[in-house]
Amino acid sequence: MLQSDNPEFKFRLARLEKWRASGTDPFGTRLEALISAAAARSLHTADTPHDGGPSAKVAGRITLLRDIGKLIFITISDWTGKIQIGLAKQFLAPRWDQAKLLELGDIAWFAGKLGHTKTGEITIWADDFGLASKALLPPPEKFHGLADTEARYRQRYLDLAANADSLDVFLARSRIMGSIREFLAARQFVEVETPMMQAIPGGAAARPFVTHHNALDIELFLRISPELFLKRLLVGGMERVYEINRNFRNEGIDTSHNPEFTMLELYQAYSDLAGMMELTETLLASLAAARHAAVNGPATTVDRVKLPYGERIIDFTPPFQRISYSDLFLEHVGVPMIDHAAVRQRAVEHGLADVDKMDHDVVVGTLFERLAEPKLHDYDQPVFVYDYPAGLCPLTKRKAGMPHLAERFELYIAGMELANAYTELNDPFIQYETFSAQLAGLREEDSMARRDHDFIAALCHGMPPAGGLGIGIDRLVMVLTNRTSIRDVVLFPLLKSRGATGTSAVPAQET
RNA sequence: GAGGCCGUAGCUCAGCUGGUAGAGCAACAGACUUUUAAUCUGUGGGUCCUGGGUUCGAUCCCCAGCGGCCUCACCA
C-alpha cells in the first residue's frame, strides 16, 4: 500500500524517520497561541526593527524554501496568505539538523521575533519551530501551481493548497453564504430544511435521481426542488421561510450545470413578484459590493459596482434592467407573442416539428429559448425578464386581467439564468388544473400517482398570497468570483469515476 | 448524443518529415549567513493514457476505448 515504489516518497519517508529518531511525532499535535500569517504581517509597522520586533507564532504549509547554507528562508502559506520565516544557524545551532529536515510541502510552525530583511521583506526570525505534519508526497510545481483541470477537480486538496486564487473562491463562497443568511435574518426570514428524499419529485420540471428505501420498500427521488414543501410551511403560518440546500437533477453536465447544485429558495407571505424583484436586486447589489470591497479594498469608493466576468464587466448597480418577455419575444422572434398564427408560422420556419400538436405557450417558449434567450448574453447588467406565458408556469399566479401571462421573472446575468421568482399561485382550483395540464402526457394512473394531492389539500386549507424566489447559489458565486465554469465554484464537482485518484497511486476511494 | 482540442518525468510544458524522448521546477549529492520562482556544480528519474492496426521501425499515422476541456444538442 501507500507509495513504496515511489522514490520521492522514500526520500521523504527517510526524513520522517529522522524526525521520529529525534523524538518528534511527524504528525504533530495541538498548537497554542498561533496567529495567522496576515495577522503576523500586520504586526509589522514602520517602526519595527530589522529583528527583535514583536513576537509571533505561525503555522502553515512550506510553499517556498531557500537554503543558503547557514541561513534558510522559508515561505509558509496559511489560508490568510504567506509570510517569510528566517532560520539562522547562529540562533538555532542545537536544532540545526532538524531545521535542515524541513522541505517543501511540510506543514510546520515557527515562533520568533518579527523583523524584515534588507530588501524589506517582512520576516519572522525563528527562535523556535517544529513539524506539524510531514508531507510524504511532493507538492505541485511551486510557481505554476496545479494547472491540470482534471487533477484540480479530482484532487481538490492540491488545488486549494497550491492555487491561492482557488482557495479564495471557496472562502468567498462561504462569506457569500454567510452574507445571504445575515441579509435574510435581518428581514425576519427563518431557515428550514425540507426533505431531500421525496416520494413525488415536484416543484420543477427535471428528471430526478431515483433511489430505494429498503425498510419501507418504496421508491424515492432525490429532490429536484423544495418548492412544494416550503409552500406547505406558508400554509402552516411560517410567513418568511427559506432553505439553502442541494437540488439534484439527472441531466447534462456543462459549465453551468452540475447534477447536484445549491439553491436558495425563499417564500414571503403577503409579498409578490415586485417584492421579490426588489429583494433580489438589493441582495445581489450588496453581495457584489462586498465582493468588490474584498477584491479592491473597502476604502475604494465607487458610484457603480462593477465586477469582471470572463471577457466582460458586469454592472451590479441597481436598478437592474427590466424587459418583459413579450417585448423580448417581439424583438427577437419578430412577431407578437399573442398572435397564434404568426407564432406558428415562425415555428414552422425554424423547423420545429409537430407544431400543430404543441400548446401555443410551449411553441412560444421554444422560440424564445432559441432566438431571444441567447441575446441575453449581450447585456452588461443583470436583466429581469418578466411576465412569462402562463402555460410555462404551472406554479405561478396569473396576471390580473391577463390570464395568458404569469407573474414570473427570471434574472439573467451574462446570459446565465441566475434567479427565478413568482407571485405564488395559491388558488387550489387553478393549481389542480395546471397540474392536470402538466401531466397530460402521462397515462391516467401515472398522472394520478405523480400528482401531489396533499399539496392541493394544503392549498385548500389556505396559503397566504406570497412572493417566492429561487437563486442558483453556484452560478451566483461564479458571477461574483469571475469563474466561468460551475466546477470552479463546487468543491467536488461530479466527474466520471476512475480507478485511482489522479496521477498518484494513493488507493482509490470506493464510492 | 454530435463535433473540435487535449492526455509525454512528481508538477509546468517542448518534441520538426515516423528513426523508441527533452527543458524548467521538484528530487538526490555538494557549495553558499539576507534569499524572494535564490544561485552555482554534478546525478538519477519515462507503461509517451490503454488496446489493436499500418510500417523494417510509431510519442508521432489509422481504428477502437478510457479520461479531461470547449462548442453545440438535450434540460418547460
Side-chain angles (χ1 to χ4, degrees), chain A residues 3 5-12 14-15 50-51 63-75 82-92 96 103-105 115-123 125 135-155 158-159 161-163 204-208 224 249-257 259 358-359 361-370 373-374 388-396 406 408 410 417 420 434 437-438 441 484-485 487-488 493 495-500 502-505:
Chain A
Q3 304 264 317
D5 56 342
N6 180 337
E8 179 93 22
F9 187 93
K10 286 190 213 167
F11 286 125
R12 285 172 174 264
R15 288 196 166 164
H50 260 274
D51 49 33
T63 48
L64 292 173
L65 189 151
R66 298 173 289 279
D67 180 346
I68 50 178
K70 298 185 179 66
L71 190 62
I72 302 172
F73 287 105
I74 283 174
T75 302
K82 302 173 183 226
I83 190 163
Q84 176 167 276
I85 312 294
L87 299 115
K89 186 176 183 183
Q90 66 192 99
F91 300 123
L92 293 166
W96 194 240
E103 60 187 328
L104 286 176
H116 49 267
T117 63
K118 66 184 181 189
T119 54
E121 179 77 24
I122 297 172
T123 302
W125 298 103
L136 289 163
L137 289 170
E141 213 261 0
K142 65 188 180 187
F143 184 64
H144 298 92
L146 185 66
D148 181 81
T149 45
E150 187 177 354
R152 288 184 46 237
Y153 300 149
R154 290 193 194 277
Q155 297 180 276
L158 289 182
D159 179 40
N163 301 328
R207 264 189 299 165
I224 55 175
R249 296 186 181 176
N250 203 343
E251 280 160 13
I253 298 176
D254 62 34
T255 46
S256 58
H257 296 83
M358 292 164 73
D359 180 80
D361 283 353
V362 175
V363 178
V364 167
T366 306
L367 284 173
F368 184 89
E369 275 168 32
R370 195 168 294 191
E373 202 180 291
Y388 277 62
L392 304 179
C393 313
L395 297 160
T396 310
R408 170 183 187 178
E410 288 194 352
E417 184 194 330
N420 182 22
T434 62
Q438 188 187 10
T484 51
S485 172
R487 297 181 207 91
D488 287 327
L495 299 179
K496 284 195 186 178
S497 56
R498 260 195 160 183
T503 50
S504 85

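In the text below, chain A, chain B and the rest are named by the order of the sequence lines, each starting its count at 1.
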Trainee: For a quick check of understanding: with a heavy-atom distance under 4.0 Å over all strands, which category does A:Glu121 fall into, base, sugar-phosphate or nothing?
Mentor: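 Base, at least one base heavy atom under 4.0 Å.
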
Trainee: Distance between the C1' atoms of B:A26 and B:U43, in whole angstroms?
Mentor: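 To the nearest whole Å, 14 Å.
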
Trainee: Between the side-chain atoms of A:Gln84 and the base atoms of B:U35, is any donor-acceptor pair under 3.5 Å?
Mentor: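 In this structure, the two groups form a donor-acceptor pair.
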
Trainee: What's the gap between B:C72 and B:G65 when it is taken at their C1' atoms, as a whole Å value?
Mentor: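 Comparing C1' positions in B:C72 and B:G65 gives a spacing of 24 Å.
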
Trainee: Confirm from the modelled atom types if A:Gln90 and B:U33 form a donor-acceptor pair under 3.5 Å, side chain to base only.
Mentor: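 Yes, the side chain and the base share a sub-3.5 Å donor-acceptor pair.
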
Trainee: Of the options B:G68, B:U34, B:U12, whose atoms approach the side-chain atoms of A:Glu150 most closely?
Mentor: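 Of the candidates, B:G68 comes closest.
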
Trainee: Are any of A:Lys142's side-chain N or O atoms less than 4.0 Å away from OP1 or OP2 of B:A26?
Mentor: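 So the side chain of A:Lys142 is within the cut-off, an N or O lying under 4.0 Å from OP1 or OP2 of B:A26.
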
Trainee: Output the single nucleotide from B:G68, B:C25, B:C32 whose closest atom is nearest the side chain of A:Leu495.
Mentor: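 The closest nucleotide is B:G68.
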
Trainee: Side chain of A:Lys118 only, please: which of B:A27, B:A38, B:U34 is the nearest?
Mentor: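 Of the candidates, B:U34 comes closest.
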
Trainee: Report the nucleotide, chosen from B:G67, B:U35, B:C28, that has the shortest atom-to-atom distance to any side-chain atom of A:Glu103.
Mentor: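 That would be B:C28.
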
Trainee: Taking for each residue the nucleotide of RNA chain B bearing the nearest heavy atom, is the 5' side occupied by A:Leu71 or by A:Leu65?
Mentor: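 Nearest-nucleotide comparison on RNA chain B picks A:Leu71.
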
Trainee: Measure from the side chain of A:Thr123, starting at C-beta and using heavy atoms only, and say which of B:A76, B:C11, B:U35 lies closest.
Mentor: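 Ranking B:A76, B:C11, B:U35 by closest atom to the A:Thr123 side chain puts B:U35 first.
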
Trainee: Side chain of A:Lys496 only, please: which of B:U35, B:G10, B:G67 is the nearest?
Mentor: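 Selected nucleotide: B:G67.
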
Trainee: Looking at A:Arg15, does any N or O in its side chain come under 4.0 Å of the phosphate oxygens OP1/OP2 on B:C28?
Mentor: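 Checking B:C28 against A:Arg15, a side-chain N or O does come within under 4.0 Å of OP1 or OP2.
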
Trainee: So A:Phe73 and A:Trp125, would you call those rings parallel, tilted or perpendicular, with 30° and 60° as cut-offs?
Mentor: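 The arrangement is perpendicular - the two ring planes meet at more than 60°.
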
Trainee: Give the nucleotide from the list B:C32, B:A37, B:U71 with an atom nearest to the side chain of A:Asp67.
Mentor: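 Per side-chain heavy atoms of A:Asp67, the pick is B:C32.
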
Trainee: Using atom C1' in both nucleotides, what's the gap between B:A58 and B:C49 to the nearest angstrom?
Mentor: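 These two C1' atoms come out 16 Å apart once rounded.
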
Trainee: Pairing check on B:U35: which nucleotide meets the Watson-Crick or G-U wobble criteria with it, both distances under 3.5 Å?
Mentor: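 B:U35 is paired with nothing.
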
Trainee: Counting only distance, no hydrogens or angles, is the base of B:U36 paired donor-acceptor with the side chain of A:Thr117 under 3.5 Å?
Mentor: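 A donor-acceptor contact between them is present.
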
Trainee: Heavy atoms from C-beta onward define the side chain here; which of B:A76, B:A27, B:G67 lies closest to that of A:Phe11?
Mentor: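 Given the options B:A76, B:A27, B:G67, the side chain of A:Phe11 is closest to B:A27.
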
Trainee: If we ignore hydrogens and angles and just use 3.5 Å, is the side chain of A:His116 paired with the main-chain N or O of A:Thr123 as donor and acceptor?
Mentor: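 Not confirmed, A:His116 side chain does not pair with A:Thr123 backbone.
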
Trainee: With a 4.0 Å cut-off on heavy atoms, is A:Leu64 in touch with a base, just the backbone sugar-phosphate, or nothing at all?
Mentor: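 The answer is sugar-phosphate, as A:Leu64 gets under 4.0 Å only of primed atoms, P, OP1 or OP2.
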
